[in-house]
Structures are given as structure tokens and as C-alpha cells.
Participant: 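Just dropping this structure here.
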Number of protein chains: 2
Amino acid sequence: MSTTTLSRKDQIEQSATALFKSRGYAATSMRDLATELGLEAASLYSHIKSKEEILQRICFRMANEFFEGLEQAEKTLGNSKEKLEAAIKSHLTVLTKQPAASAVFQNEWKHLSEPFLSDFLKLRNDYENHFRQIIKAGNASGEFTISDEKMATLMLLSSLNFVHTWYKPEGNLTPEQISETLCNMLLNGIVSGQKSQKTIPQEDLKQSIHQN
Amino acid sequence: MSTTTLSRKDQIEQSATALFKSRGYAATSMRDLATELGLEAASLYSHIKSKEEILQRICFRMANEFFEGLEQAEKTLGNSKEKLEAAIKSHLTVLTKQPAASAVFQNEWKHLSEPFLSDFLKLRNDYENHFRQIIKAGNASGEFTISDEKMATLMLLSSLNFVHTWYKPEGNLTPEQISETLCNMLLNGIVSGQKSQKTIPQEDLKQSIHQN
DNA sequence: CGCTCTTGCTAACGAACGTTAGGTTGTTTA
DNA sequence: TAAACAACCTAACGTTCGTTAGCAAGAGCG
């Protein structure tokens, strides 16, 4: 249903997202994209202004989605740990709902031209700072004992952002299970982490982390 | 010293590594690379066979370095936790000693052509499996209580592999401090992690995780 | 001295790139 | 029914791409 009601422009964006993820922005030609959609390269320009416009739409749309989720999570009542958990889960929700677009968001933003590049980096930096503030607050209240707030933030986001390299929507692991397990590992550690309540079947993940 | 004794081919590889990291392989032209070295694009072909040969050399050299480090780490005497720690530290040593080449290794391998691509993926998969085996052994001996070995492995490597996005050799954080802190966070968790012995100054990391 | 090797040059190749111009078709709207 | 629009086409543009051919200057060595 959602597929049929998609405007041509959105269809282009969708195909482009898949191609940009698997081949990279620079290595994807407009002719590649056109072929994927069953038309000629020149025809794309009835719907879009330029190749980069597609990338801009993907990057800034995802930036907005991540941000909106985070703002919701920050409204969570409770202590810092619960806020951090909510933020992590929100991030993973966006990421698992749109894994391809997330991958493009993560890996291809560097091909944005100015002033879009600067705008994008500002957004990303803001997002990171929001996470850091949560950690900082938890440290201040004595809830956390994190020796290096900045590194903790970076490690946290790194772990989350790599999920798109191995997450497969058709796999057996639900986004909720991933959230649960990952959240537990990150907060409590791999080694000393408590077992999660639900038992998660072991054969859910593909053997490889490779991005194909 | 090491710069002056570098063969022309190695100089090309070095410049290419920096360019591939910052712009990506596909978006880096041979003319870009030549300009960086102060010569004409055609002149590069006195030293290399093709653009891809450079990428191959970077990717497989790094694969070897990661593997050699891991094999050393696996010889570590002691329990699984100590072995895992040694493996993590070895990985971070390679990564911090050659951050640019590591970034290329992580992000640009997809532009390898067959049969190099398959060879490369096999190596990466093997590497990942070695990590998983360590975790598995720790679980079996009762040392770890990791509910999802595969996800733990992926999360572990993801955290490590993203270090190149924020590590700056000229920063105040030494590779050893990074190893120490990261190892502690990963194994014991961000929240409940013990403070590391050494106090680490807070202003060492740049504000941003962006890859410039 | 003469030979070879290294290192670089200029010129140019065919292919692929993003994009534009201008035209055709079929559908919707006044 | 006529006008307007959406969607797509062919043809082609100027540019850049990776790469090759052929040549020249200098260094090291017999």
C-alpha cells in the first residue's frame, strides 16, 4: 500500500537510498539509479534537481528523525539511566526502521556540498551533545561513575551506529530484542551484563558483519 | 627518517590512504592523488598498475596486521577475559597506529573487485570468528554470562572499529589510555564500569565524532 | 663511456559522468 | 474540447575519469 502511494520522487529517493548504501554515493551513477527504476537517466530530472539533492533529502530527513526521537526520549520521567535507555532505544528504533537510509546518513554525508555540509555537521554535533548531557547529569547525581564522559558518549553512539552493518529486517531478531540486548550490554557490560529476561535464539544473526 | 626512506610507491600509498579516508575511494581521482604528490596523473603509473591496486594493498596489509596482532593475543596465557582483553588491546593498537589506513580498511573494501573482494570478506569473517570463539570459550567455562554471543561480538568490534572516527594521534589521549578506558567500558559497562586506575583528563577528545 | 633503471613529462584515448534541450505521449483539469 | 501538466523519451553537451603510448632527464653501475 505504502509502496503504491509513493510519489515518483519518493520512489527515486528509495531506490537511491538502497544504491547509495550498497555502492556508496560517489560510485552510484544516475544511470544506475535510472536503470533500477526502469527509465532513462535524463528522465530523473523531471523529478529532482540534482543527484546531490537526493542525498540532501536522505541525510536531513534522517537527522530530523533521530532528533525527534531523542527529544521524545528526553521527556522520559525518571532518573538518568532511564533517560539514557530511552534515548538508546529511540535511536535503535529509527535505525532498525530505516536501516538503509541510516547507513547513508552515517556514511555518505561527507559528499554534501556547502552550506549543507556545515548544517549537517552542526546537527550531528548537537545530537551527540544531547547524549553527553544525559551522561553528565547521571554522573553529577552520582548515578553513573563514568570516568570519561566524552569517550563514553562516542563509544555509545559508535556501537549503535554500527547496527546497520549487520541488522537484517528479515532476520529473527526483532528491533525490540536488539534494543533490549544492546542496551543491557552497553550499560552493564558484555562480561558482567545480566542476562536479559527473554531468551534470545542464537541463530538469528547472520555470521557476518559485512555490509552486503 | 621513515618518510625519506619511503619508496615512491609507498609514498603514493600513504597519500592515497589519506585521500581515500577523507574523500572516499570512488570520489578520489588519480589527478587528485597526483596533485597531492606534486606530479602528473600519468606519472603514477610508473609505480602502480592501477588505482585499485593501491586499495588492495591498503586493505590486505591492514587485514594482515589485524590478524597478526590477534594471533599474538590468542597466545596470551590466562582465562578468557584476559584473552579477550589482549585481543581488544591488540586491535586498538593497530587502529591507533594507523588510523587512516584503518578507516580505509573499514569503509572502502566494497570497491575491491573480484576475486579480491571475496578474499577480503573471508579474512574479515575469520577475524570476527576468532573473537567469537574467545567469547564462546568464556561462556563455556562459566566466566562470562553472555546471552547472545553473536551480537556481543558484533557490538564489540563495532565499538572498536569506530575509534578511527574520533581518534586523533595529536590529541592528549594516548593509545594506552584509550585501550584501558574502552576495554573497561566494554567489559564492565558504561554505567557500572569501574573507574580506571589512572585519571584521564577530560579535555582530550575533540567535541565531535566527525571524520574530518 | 655506455647501459639500465627510476622517475617524470606531454598528449591523447575511449568511456563514463551529471546534466540540459526539446519533443512526445497520455492524463487531468477548466 | 482545449489547455495544462506529469512523465518519459532521444540526443547531445561539456567535463572528468582511469589509463596508455612514447619520450626525456638523471642516477648508479659495469
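So that the names make sense, note that chain A is the first sequence line, chain B the second, and so on, each numbered from 1. All heavy atoms count here, side chains included; hydrogens, waters and symmetry mates do not.
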Participant: Could you check whether the rings of B:Y127 and B:F67 sit parallel, tilted or perpendicular, using 30° and 60° as the cut-offs?
Facilitator: perpendicular
Participant: Can you label the angle between the B:F162 ring and the A:F162 ring as parallel, tilted or perpendicular, going by 30° and 60°?
Facilitator: perpendicular
Participant: How many Å lie between CD on B:E53 and P on D:dT19, as a whole number?
Facilitator: 10 Å
Participant: Provide, to the nearest angstrom, the distance between the CG atom belonging to B:L39 and the C1' atom belonging to C:dT10.
Facilitator: 14 Å
Participant: Check whether NZ of the Lys or CZ of the Arg B:K51 lies under 6.0 Å from the centre of the six-membered ring of B:Y25 and within 45 degrees of that ring's axis.
Facilitator: yes
Participant: Does a nitrogen or oxygen in the side chain of A:H47 sit under 4.0 Å from OP1 or OP2 of D:dA7?
Facilitator: yes
Participant: If you check the B:R8 side chain, which of C:dG8, D:dT19, C:dT19 turns out closest?
Facilitator: C:dG8
Participant: For a quick check of understanding: with a heavy-atom distance under 4.0 Å over all strands, which category does A:R31 fall into, base, sugar-phosphate or nothing?
Facilitator: base
Participant: Would you say the side chains of B:R61 and B:N64 form a donor-acceptor pair under 3.5 Å?
Facilitator: no
Participant: Starting from P on C:dA16, measure out to NZ on B:K51 and report it in whole angstrom.
Facilitator: 15 Å
Participant: For residues B:S29 and B:D32, is any side-chain donor paired with an opposing acceptor at under 3.5 Å?
Facilitator: yes
Participant: Would you indicate which nucleotide in D:dG18, D:dA21, D:dC9 comes nearest to any side-chain atom of B:S29?
Facilitator: D:dG18
Participant: Report the distance from atom CD1 of B:I12 to atom P of D:dT19, rounded to the nearest whole Å.
Facilitator: 13 Å
Participant: Would you mind reading off the distance between A:L55 atom CG and C:dG18 atom P, rounded to a whole angstrom?
Facilitator: 13 Å
Participant: Using whole Å, report how far CG of A:L44 lies from C1' of C:dC17.
Facilitator: 14 Å
Participant: For the pair made of CG in A:L33 and C1' in C:dT19, what is the distance, rounded to whole Å?
Facilitator: 14 Å
Participant: Rounded to the nearest Å, what distance is computed from the CD atom of residue B:E40 to the P atom of nucleotide D:dG18?
Facilitator: 14 Å
Participant: Considering just the side-chain nitrogens and oxygens of B:S43, establish if one lies under 4.0 Å of OP1 or OP2 belonging to C:dC9.
Facilitator: yes
Participant: Among D:dA7, C:dG8, D:dT19, which nucleotide sits nearest the side chain of B:Y45?
Facilitator: D:dT19
Participant: When you check the phosphate oxygens OP1 and OP2 of C:dG8, does a side-chain N or O of B:S46 lie under 4.0 Å from one of them?
Facilitator: no
